[in-house]
Amino acid sequence: MNKKGIIIYLVMKGQDEFVEKAKTYFQKSSYLLEVIEINDWQDELSFESKTGKALFHTIETIKQKNLSLKCYISGYSLAGLFSLYAMHELDLDGAISVSGSLWKEGWLDYLKEHPIYHKKIYLSLGSKEHKTRNVLMKNVLKNTLETYEIYQKENQCFFEKNVGNHFFQSEQRMMKGWDYILYEK
């Protein structure tokens, strides 16, 4: 089967069981799955990376993929935020951000300063994620909705609120994001 694109999936090293499920999910798809395992979640994906070298390395790893095909990037939590960032930095076709850490300081400023156009973007968040004592994390719903509003002006963007907290049904929620890209759902 000719593949019409690739989906890059950023996943924490050691999540082998879900990676195998994801590979099975993509077998019948017209897209290839490229898994990038992350060793140090904070250092390799965060804007607050101490040196920036690990963050740069992650970007360089993505550049080595076959970006001549349609290319989407996907991730959960901090990898969801990084997926959106990488879409801007690498001019990818779109991104899937599930329970993205969009509460991070500096994200909305970055988004406003780096407009993009004609991308396909999926955002989702658990209905209880903003119900926390952490002052910064309380902003996740507000910031996700503002991100959605900014993206939908010039892009095909879908936002879905799911039942539960940050960790509830994470695998199923990631697959819903892939469905949106792969099957126009």
Side-chain angles (χ1 to χ4, degrees), residues 3 5-29 31-67 69-107 110 121-126 128-129 132 134 136-137 140 143-144 147 160 162 164-182:
K3 299 294 183 179
I6 66 171
I7 302 268
I8 296 170
Y9 179 41
L10 303 169
V11 63
M12 185 69 161
K13 191 172 187 115
Q15 295 189 342
D16 302 335
E17 188 177 320
F18 182 59
V19 168
E20 288 307 312
K21 287 180 188 175
K23 287 178 181 177
T24 300
Y25 171 90
F26 275 88
Q27 282 178 346
K28 297 176 185 171
S29 164
Y31 280 73
L32 294 169
L33 175 67
E34 291 280 349
V35 175
I36 297 177
E37 289 188 327
I38 304 298
N39 293 309
D40 185 328
W41 207 241
Q42 273 302 83
D43 202 33
E44 293 177 59
L45 300 175
S46 181
F47 288 106
E48 295 97 11
S49 177
K50 293 177 186 101
T51 63
K53 290 180 184 174
L55 184 70
F56 176 76
H57 174 73
T58 307
I59 291 286
E60 289 302 309
T61 301
I62 294 166
K63 281 183 182 178
Q64 293 172 13
K65 304 300 177 188
N66 184 0
L67 300 182
L69 296 171
K70 277 191 167 214
C71 186
Y72 298 91
I73 187 165
S74 60
Y76 200 92
S77 191
L78 186 55
L81 171 61
F82 180 85
S83 294
L84 297 175
Y85 170 77
M87 173 181 59
H88 288 259
E89 293 295 310
L90 298 172
D91 194 29
L92 302 175
D93 293 289
I96 299 145
S97 175
V98 177
S99 288
S101 300
L102 306 187
W103 54 268
K104 289 273 189 182
E105 289 188 71
W107 166 245
Y110 172 86
I121 304 157
Y122 176 87
L123 304 170
S124 85
L125 194 65
K128 295 181 181 178
E129 292 194 52
T132 177
N134 183 300
L136 286 175
M137 293 174 106
V140 71
N143 288 8
T144 301
T147 298
E160 181 168 25
N162 295 281
N165 65 21
H166 185 72
F167 302 101
F168 187 70
Q169 297 182 334
S170 56
E171 295 174 5
Q172 295 89 333
R173 291 169 58 198
M174 181 56 67
M175 288 181 181
K176 286 168 86 175
W178 292 334
D179 281 349
Y180 175 75
I181 297 297
L182 300 174

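Reckoned from all heavy atoms, side chains included, excluding hydrogens, waters and symmetry mates.
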ask   = Can you list the residues that meet the side chain to side chain contact (heavy atoms under 4.5 Å, CB included) rule with Leu32, with sequence neighbours excluded?
value = Lys3, Ile6
note = By side-chain hydrogen bond (donor to acceptor under 3.5 Å, both in side chains), Thr147 pairs with (sequence neighbours left out) Trp107
ask   = Less than 4.5 Å apart, any side-chain heavy atom of Tyr9 and any of Phe18?
value = yes
task = Please tell me if the side chains of Leu84 and Leu102 come closer than 4.5 Å, counting only heavy atoms from C-beta onward.
result = yes
query = Can you name the closest pair of heavy atoms from Gly126 and Arg173 and give their distance?
reply = N-NH2, 3.0 Å
task = Nearest 0.5 Å please: distance from the CG atom of Asp40 over to the NZ atom of Lys13.
result = 12.5 Å
Rounded distance (nearest 0.5 Å) linking atom CD1 of Ile96 with atom CE of Met174 = 7.0 Å
query = Using 30° and 60° as the class limits, which term best fits the ring planes of Tyr110 and His88: parallel, tilted or perpendicular?
reply = perpendicular
remark   = For Lys104 and Ser46, the nearest pair of non-hydrogen atoms, with its separation, is NZ-OG, 3.9 Å
key: Contact summary for Val140 and Gly100, nearest pair of heavy atoms   = CG2-O, 3.6 Å
Closest non-hydrogen atom pair between Ser83 and Gly75, with its separation = OG-N, 3.2 Å
message = Just verifying a value: how many Å separate Lys70 NZ and Ile181 CD1, rounded to the nearest 0.5 Å?
response = 9.0 Å
ask   = What residues form a side chain to side chain contact (heavy atoms under 4.5 Å, CB included) with Asp16, not counting sequence neighbours?
value = Glu37
key: Partners meeting side chain to side chain contact (heavy atoms under 4.5 Å, CB included) with Lys23 (sequence neighbours left out)   = Val19, Glu20, Leu33
key: For Asp91, side-chain hydrogen bond (donor to acceptor under 3.5 Å, both in side chains) partners two or more places apart   = Lys119
Min side-chain heavy-atom separation Phe82-Glu44 under 4.5 Å = no
ask   = Considering residues, nucleotides and ligands other than Glu17, do more than 12 of their heavy atoms fall under 6.0 Å from its CD?
value = no
query = Mind checking whether Lys176 and Asn162 have side chains closer than 4.5 Å, heavy atoms only?
reply = yes
inquiry  = Can you list everything that forms a side-chain hydrogen bond (donor to acceptor under 3.5 Å, both in side chains) with Ser74? Sequence neighbours excluded, please.
reply    = Trp178
request  = Find the distance between CG (Leu92) and CD1 (Ile73) and round it off to the nearest 0.5 Å.
outcome  = 6.0 Å
ask   = Quick one: does Ser101's side chain have a donor or acceptor within less than 3.5 Å of a partner on Leu81's backbone?
value = no
key: Pairwise side-chain contact, Tyr76 with Met12, heavy-atom cut-off 4.5 Å (strictly under)   = no
ask   = Would you call Leu182 and Ile7 a side-chain contact if the rule is heavy atoms closer than 4.5 Å?
value = yes
query = Hey, are the side chains of Cys71 and Ile8 touching, using non-hydrogen atoms and a 4.5 Å cut-off?
reply = yes
message = Working to the nearest 0.5 angstrom, can you tell me the gap between Asp43 CG and Ile38 CD1?
response = 10.5 Å
Side chain proximity check, Leu45 to Tyr85, heavy atoms < 4.5 angstrom = no
remark   = Between the OG atom in Ser99 and the CG atom in Leu78, the distance rounded to the nearest 0.5 Å is 12.0 Å
